Number of protein chains: 2
Amino acid sequence: MHASDSDTDRESRSGSGDGNSNGNGDSGASAPVPAPAPPRTRAAARRSDSTRAAILHAARERFASDGYERATIRAIARDAKIDPSMVMRYYGTKEGLFAAAVAIDLELPDLSALPRHEVGQALARHFLAMWEENEVLTALLRVAATSRAGAERTQDIFRDQVLPVARQVCPDPEQVPARAALVSSQLLGLALTRYVLCFPPAAELAREEIVAWLGPTLQRYLTAPHPGPPDRPGRPGRPG
Amino acid sequence: MHASDSDTDRESRSGSGDGNSNGNGDSGASAPVPAPAPPRTRAAARRSDSTRAAILHAARERFASDGYERATIRAIARDAKIDPSMVMRYYGTKEGLFAAAVAIDLELPDLSALPRHEVGQALARHFLAMWEENEVLTALLRVAATSRAGAERTQDIFRDQVLPVARQVCPDPEQVPARAALVSSQLLGLALTRYVLCFPPAAELAREEIVAWLGPTLQRYLTAPHPGPPDRPGRPGRPG
DNA sequence: GCAGGCAGTCAACAGTTGTTGGCCTACGGG
DNA sequence: CCCGTAGGCCAACAACTGTTGACTGCCTGC
């Protein structure tokens with residue numbers, strides 16, 4: 001509502017909609033956007049693309065280290081070695097820039113192709129590797145904790161990328177959302193303590209050690225039978 | 001360093017140090033500060049104390065719902081129905097206000113007094129109850145995700161309150177920090193997905209159901225034998 | 001060779017923020 | 001009775017924010 005019309009105007013002149021370019025100097029986290037309409041001239045387009053990528057890269061770093069509010073357009077522009085107004089011209093709004101910066105594909109593996117008892121470890125291992133090579137994820141988590149827009153974007157990723165994978169290994173379709181949420185809670189919680197809050201013990205754990213600890217947990221959340229009372233009030237003790 | 005001297009000056013005039021009053025209209029999360037030096041006159045002091053509490057209450061709500069940056073002094077003052085300058089006079093700095101607002105005692109139970117196989121569930125149950133009655137915790141988590149000061153305060157709580165409790169049930173003292181960090185990762189991750197990010201499946205789960213799911217996880221993190229390879233490179237498969 | 005568009009810069013605007021100092025008012029002690 | 005003190009409000013400041021518009025060169029297509 002702020003500047004949507006002028007934004008659209010500027011964007012239409014610039015060549016593409018609101019997405020980003022396909023990676024060149026990028027950390028490779030911009031998958032879901034297809035190639036935008038190619039501009040007429042090659043040289044100019046290439047320059048523009050590299051600037052776009054530089055902005056995106058700087059934005060990811062800043063959002064990851066400072067969060068949404070403290071990551072100022074000016075700082076991002078300074079990092080990208082361009083004028084702040086260029087950021088606005090390319091991405092219209094700070095929010096637009098953020099949306100473009102945190103568009104990411106988790107590239108979750110096909111769990112149905114794995115031996116049933118290894119999905120937990122595989123999931124943990126993939127998640128850790130993904131997180132450590134993409135600062136985008138830290139940026140997203142940081143922002144999601146404070147802004148509603150960020151939280152919604154995280155929900156989108158959960159719904160579009162985590163849920164389907166959980167569906168591959170969950171026995172009861174009705175329990176898929178809850179189980180997937182439990183898995184996410186453990187994975188995001190680890191990312192939080194390790195990469196955002198930087199609890200020393202969590203940050204110092206070796207990657208494979210984390211995999212060994214979290215693997216069985218995720219495995220249980222995904223495939224173990226429902227442990228508790230369904231929704232009974234009071235406090236019935238489990239039999240056994 | 002901002003306004004520490006004038007802050008101290010103002011505070012000393014006002015009657016107490018930097019803490020808060022003992023709860024009157026408060027949500028009851030201000031334990032670690034002993035009763036401040038009582039001012040001379042009763043009526044004035046009581047008025048002052050209620051204002052202090054109102055500020056603290058409003059601050060907690062705002063920090064919890066908006067995070068640090070978006071929770072403005074002006075908004076907090078408006079909620080507390082006083083002038084913004086009063087907030088500064090009472091707490092010196094926004095950071096000081098935040099520090100006072102998120103001072104909390106987790107009141108973790110004495111795990112050594114429980115049957116060994118129930119500590120996981122007890123921990124999960126206590127944590128959920130605590131979180132749902134103290135908006136302070138959501139505020140702290142939100143802020144911790146973006147500001148370094150907030151993250152450090154969370155680390156303090158982990159070190160001073162979670163670690164000792166973990167020590168009560170952990171067999172090997174050397175593994176206590178790592179195990180406590182794993183426990184924290186799961187608990188904070190749940191709080192994150194349920195209360196901050198508001199993943200629908202996580203938010204809709206019944207409390208006892210979460211206890212049933214998380215209990216065994218925490219139990220394992222605390223008491224189960226070390227599952228993985230200590231710190232070997234490569235990827236040695238576990239026997240069995 | 002020339003016009004047109006495009007990447008990029010500069011300076012400025014309006015709004016908001018934390019923070020400060022001065023002033024007013026109620027009230028309790030002498 | 002008056003006076004000091006402390007609680008509270010108002011207005012303002014300086015810094016910083018996202019955002020915008022006008023201006024400048026460079027390159028390309030005709």
Side-chain angles (χ1 to χ4, degrees), chain A residues 1-16 21 38-55 59 62 66-78 80-98 147, chain B residues 1-7 9-16 21 37-55 59 62 66-78 80-98 147:
Chain A
M1 203 182 287
H2 275 169
S4 60
D5 14 15
S6 70
D7 166 24
T8 305
D9 184 39
R10 281 160 182 273
E11 281 301 321
S12 68
R13 285 162 100 228
S14 160
S16 90
S21 65
R40 320 195 175 171
T41 70
R42 288 286 167 85
R46 212 166 37 206
R47 208 158 45 139
S48 163
D49 273 10
S50 80
T51 301
R52 267 187 126 79
I55 294 175
R62 283 286 174 178
D66 299 342
Y68 187 80
E69 325 280 343
R70 313 179 69 159
T72 67
I73 298 267
R74 283 176 168 86
I76 293 170
R78 203 181 319 128
K81 299 195 172 70
I82 45 133
D83 192 85
S85 64
M86 292 303 294
V87 178
M88 305 305 296
R89 196 187 298 215
Y90 277 125
Y91 294 97
T93 315
K94 187 182 183 182
E95 222 170 312
L97 170 63
F98 174 73
S147 106
Chain B
M1 204 183 285
H2 273 171
S4 61
D5 15 13
S6 70
D7 167 22
D9 183 41
R10 282 157 183 275
E11 283 299 324
S12 69
R13 284 160 104 228
S14 159
S16 89
S21 66
R40 318 188 176 176
T41 69
R42 285 287 167 81
R46 213 170 34 209
R47 212 159 41 142
S48 164
D49 272 10
S50 81
T51 302
R52 266 189 128 75
I55 294 175
R62 282 288 175 177
D66 298 344
Y68 187 79
E69 325 280 344
R70 313 178 70 157
T72 68
I73 299 268
R74 283 175 168 86
I76 293 169
R78 204 181 316 129
K81 297 194 173 73
I82 47 135
D83 191 85
S85 65
M86 294 301 295
V87 179
M88 306 306 296
R89 194 183 295 205
Y90 278 125
Y91 293 98
T93 314
K94 186 182 184 184
E95 222 171 312
L97 170 63
F98 174 72
S147 106

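Order of the sequence lines fixes the chain letters, A, B, ..., with proteins taken first and strands second; residue numbering starts at 1 for each chain. Predicted model, so just to flag it, every value in this text is computed and none were measured.
Summarising the geometry of A/K94 relative to A/Y68, their closest heavy-atom pair is NZ-O, 2.8 Å, with the distance given to 0.1 Å.
The separation between A/K94 atom NZ and D/dG18 atom P is 4 Å, rounded to whole Å. Rounded to whole angstrom, the span from the CD1 atom of B/I73 across to the P atom of D/dA12 amounts to 21 Å. As rounded to whole Å, 16 Å separates atom C1' of D/dG8 from atom CG of B/D49. Distance, B/Y68 OH to C/dT17 P: 14 Å, rounded to whole Å. Atom P of nucleotide C/dG18 and atom OH of B/Y91 are separated by 16 Å, given to the nearest angstrom. Between B/M88 atom CE and C/dT20 atom P the separation is 6 Å, expressed in whole Å. In this structure, B/E69 atom CD and C/dT16 atom C1' are separated by 13 Å, rounded to whole Å. Atom CG of B/D83 and atom P of C/dG18 are 13 Å apart (whole Å).
No hydrogens or angles were tested; on distance alone, a donor-acceptor pair under 3.5 Å links the side chain of B/S85 to the base of D/dC10.
No option in A/T93, A/V87, A/I55 other than A/V87 meets the side chain to side chain contact (heavy atoms under 4.5 Å, CB included) test with A/I73.
Distance from the side chain of A/R74 is smallest for C/dC13 among the nucleotides D/dT20, D/dA12, C/dC13. Listed candidates were C/dT19, C/dG8, D/dT20. Nearest to the side chain of A/M86 is C/dG8. Candidate nucleotides C/dC13, C/dG8, D/dG7 were compared by shortest atom distance to the side chain of B/R89, and D/dG7 ranks first. The side chain of B/Y90 lies closest to D/dG7, out of D/dT19, C/dC10, D/dG7.
Under the rule for a side chain to side chain contact (heavy atoms under 4.5 Å, CB included), the partners of B/A71 that lie at least two apart in sequence or sit in another chain are B/R62, B/F63, B/D66.
Between the OG atom in B/S85 and the CZ atom in B/R74 there is a gap of 10.5 Å [rounded to 0.5 Å].
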